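What you see is a predicted model, and the numbers here were worked out from it, not measured in a lab. Here is the naming used below: chain letters follow the sequence lines, and residue numbers restart at 1 for every chain.
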Number of protein chains: 4
Amino acid sequence: MGGTMDGTKQQRRGNTRQRIQDVALELFAEQGYEKTSLREIAERLDVTKAALYYHFKTKEEIIVSIFQDLTKPIEELIEWGREQPHTLDTKREIIRRYSAALAEATPLFRFMQENQATVRELQIGDSFKDRMRGLRDIFIDTDAPLTDQVRCVSAIFTLHAGMFFLQDIEGDPEDKRAAVLDVAFDLVSQAHHGA
Amino acid sequence: MGGTMDGTKQQRRGNTRQRIQDVALELFAEQGYEKTSLREIAERLDVTKAALYYHFKTKEEIIVSIFQDLTKPIEELIEWGREQPHTLDTKREIIRRYSAALAEATPLFRFMQENQATVRELQIGDSFKDRMRGLRDIFIDTDAPLTDQVRCVSAIFTLHAGMFFLQDIEGDPEDKRAAVLDVAFDLVSQAHHGA
Amino acid sequence: MGGTMDGTKQQRRGNTRQRIQDVALELFAEQGYEKTSLREIAERLDVTKAALYYHFKTKEEIIVSIFQDLTKPIEELIEWGREQPHTLDTKREIIRRYSAALAEATPLFRFMQENQATVRELQIGDSFKDRMRGLRDIFIDTDAPLTDQVRCVSAIFTLHAGMFFLQDIEGDPEDKRAAVLDVAFDLVSQAHHGA
Amino acid sequence: MGGTMDGTKQQRRGNTRQRIQDVALELFAEQGYEKTSLREIAERLDVTKAALYYHFKTKEEIIVSIFQDLTKPIEELIEWGREQPHTLDTKREIIRRYSAALAEATPLFRFMQENQATVRELQIGDSFKDRMRGLRDIFIDTDAPLTDQVRCVSAIFTLHAGMFFLQDIEGDPEDKRAAVLDVAFDLVSQAHHGA
DNA sequence: GATGAATGAGTATTCATTCAT
DNA sequence: AATGAATGAATACTCATTCAT
């Protein structure tokens, strides 16, 4: 069913694992993890379900592997952040880098945003919470007034919000990205000056 | 098997519909809509699956009915907002009321937050988006600088963030709620003064 | 697909559970537990696989329930044996009754005989071993010479052998049954007289 | 990944076929033929499934080859028995040799004992039945009274029983073996004297 | 106002087997 | 002598839904 010598299959050799991850993430983000069946993934790749199992032991392993691959930059960012002094400048730099990392892994974050209930039960949940806690520890000064702590959380959230909920608002994407960064910068600045 | 005359079942009379909604929402929020089966709901209520079908035509109808019941206050809030002048005071009042409405319907919002992928395909999605667009139209002045628009979106998001992601932070719940409102107020204030 | 009013289905009402057990045991005995699929059982009963799951939670539960139903007589026999004095006469009576019980549950024992590897992993294994140990405790005098102990084990085994491995030998079934009992009687007699 | 030069693999050279048989029999005996997958066998040997197919055409061929290798002594025993006069002494000698052959191929007989349902469908079944029939023809005098015929069957069965069901009984293994032989001897003696 | 019995379509997963390299 | 990649067919099991009673 479909070309033996037409180059399409030729190209597939050796990168099936990657292709599975790509298609899977796309579908998971689109329809949710639970509602996406392995049959669907296989069909879209024009392989059999069993082929998926050659590359991944379970459905969960597929999403976990994607998660691990795509969140590595963020993990490194947090590692970096931990070694810096907890100054305002550091926080601004983290916001800048975090925003970039987010943009890089958009589909994954869309998936996570939209499938939190699933994510929570999927071990991903825990490692992601760990990561977020790491970020929080760098970002939040537990001695500061509550209001300032909330501002910092809000800054991070503004970045996430920027990814998904600004699509409805008109304007050049680059401008929007800049505006989002501005607001986030402002929030941490205010937190630091005790505005 | 399970009290015929012990009053438990007596009490149940007539409010089964309500009890189904309660248990269903609880489970949907906890495990996700897709992963919660009607068998599970029925078992927890100690009735048969078929009984659920006496009260609701489909699984979807259960969640839709919950949604409609629980978002009525927010719909009314938006209705109210639409008739007010788009002043800063109005926005602050909306933030106050929205925050209260959110607190009232916590499980539903937790469910929606965590099952966005599902919600989107469930007609709920559309009517919720309509509502949110209504809120946005009141909140956002499309002539204002992008940064200020983002601030307003961020204000709303801060309220949502406050519900779920502040649990990790120490402090009295009432204080935290107040801090969240403060930050949201600040954001809309700044948006208005062109900070 | 299959009469609605022809009486066949009429008769089925209310005894589906029993029918499942019957067909299942037949197939398990014939082809082995592992090689018998639920599809096969369902097809032979002209119901869907899902119907089986209405009556039994798992495949294992089917065989366990059969086992429990069919070994009750033997359990009762052992109970009875425990209360008797450990005389030769008691043993002869037990042999007589055990042989009868065996004959009654032939398909089950054929199944167990031929699927020991499966049985061992199926919890059935344990409860059956318990039962057999009960029989052994009544049957075997641990102070007697080893040879006599073996004779008693051999007596029980002769009964089992009689069920399955005498089919090849010519002769009237009743005569064969009598001969088997004779040999078993002899073995326990010799064990008692210290032959 | 798995010693290239460490001698382990060096040693493996040329005896993979044998190693497959060993591991396969061990697993078949332990878990049953159906429940043992080629993946499991391959993993335990640290080779790929495909490697098994280099040495054996099918799963069945593995068990058949084991069977043929391990039952050769018994086949020879029967051959020998056929040429002897059908005296009591011959039978005693056969019992002695058969018992020894059984002890030699314990895992195979454990496998056959516990997987009869499988064995029956696996062509092994037939050739084994042929063998057993050969034994029976030597052992059983079809003109003798039924009781004596049963005694002879029982003698063989006692040997088999001895292998598996005497483990529960206390005592020195050698003593138990001797006791088993004694009982078997007795049974054939009685059969001959028309006890 | 609810149950008992059943269905049809689906799910993730496993298996023996194949074949080009 | 063995591997990497894949397949086709099967398996146990689950789910939302239906309907006569």
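Checking the phosphate oxygens (OP1, OP2) of F/dA1, no side-chain nitrogen or oxygen of D/T16 falls inside 4.0 Å. Contact between the side-chain N/O atoms of A/R39 and the OP1/OP2 oxygens of E/dT11 is found at a separation under 4.0 Å.
A heavy-atom distance below 4.5 Å is not found between the side chains of D/D69 and D/I66. No side-chain heavy atom of A/T16 sits under 4.5 Å from any side-chain heavy atom of A/Y54. C/E40 places none of its side-chain heavy atoms less than 4.5 Å from the side chain of C/R44. B/V47 places none of its side-chain heavy atoms less than 4.5 Å from the side chain of B/I20. Using a 4.5 Å heavy-atom cutoff, the side chains of C/Y53 and C/T48 are not in contact. C/T58 is listed as a side-chain neighbour of C/E61, based on a closest heavy-atom distance under 4.5 Å. Using a 4.5 Å cut-off on side-chain heavy atoms (C-beta onward), B/L25 and B/L70 make contact.
Pairs passing the salt bridge (Lys or Arg N to Asp or Glu O under 4.0 Å) check and including a residue from residues 47-60 of chain A, sequence neighbours excluded, do not occur.
The heavy-atom pair separating B/F111 from B/I63 by the smallest distance is CE2-CD1, 3.5 Å.
With sequence neighbours left out, D/F67 forms a side chain to side chain contact (heavy atoms under 4.5 Å, CB included) with D/T71, D/L108, D/M112, D/I124, D/S127, D/F128, D/R131. Residues satisfying the side chain to side chain contact (heavy atoms under 4.5 Å, CB included) criterion with D/E34, sequence neighbours excluded, are C/E34, C/K35, D/T118.
Regarding B/R19, its CZ atom lies at a distance of 14 Å from the P atom of E/dG1, rounded to whole Å. Atom-to-atom, CD of D/E43 to P of E/dT14 comes out at 11 Å; the value is rounded to the nearest Å. The CD1 atom of B/I41 sits 15 Å away from the C1' atom of F/dT14 (whole-angstrom rounding).
Less than 4.0 Å separates DNA chain E from at least one heavy atom of each of the following residues of residues 20-38 of chain D: D/T36, D/S37, D/L38. Near DNA chain F, defined here as any heavy-atom distance below 4.0 Å, the residues from residues 51-70 of chain C are C/Y53, C/T58, C/K59, listed numerically.
Toward the 5' end of DNA chain E, the nearer of the two residues A/K49 and B/T48, judged by each one's closest nucleotide, is B/T48. With the nearest nucleotide of DNA chain F identified for both A/R17 and C/A50, A/R17 has the one nearer the 5' end.
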Structure string for DNA chain E in dot-bracket form, Watson-Crick and G-U at under 3.5 Å, | interchain: .||||||||||||||||||||

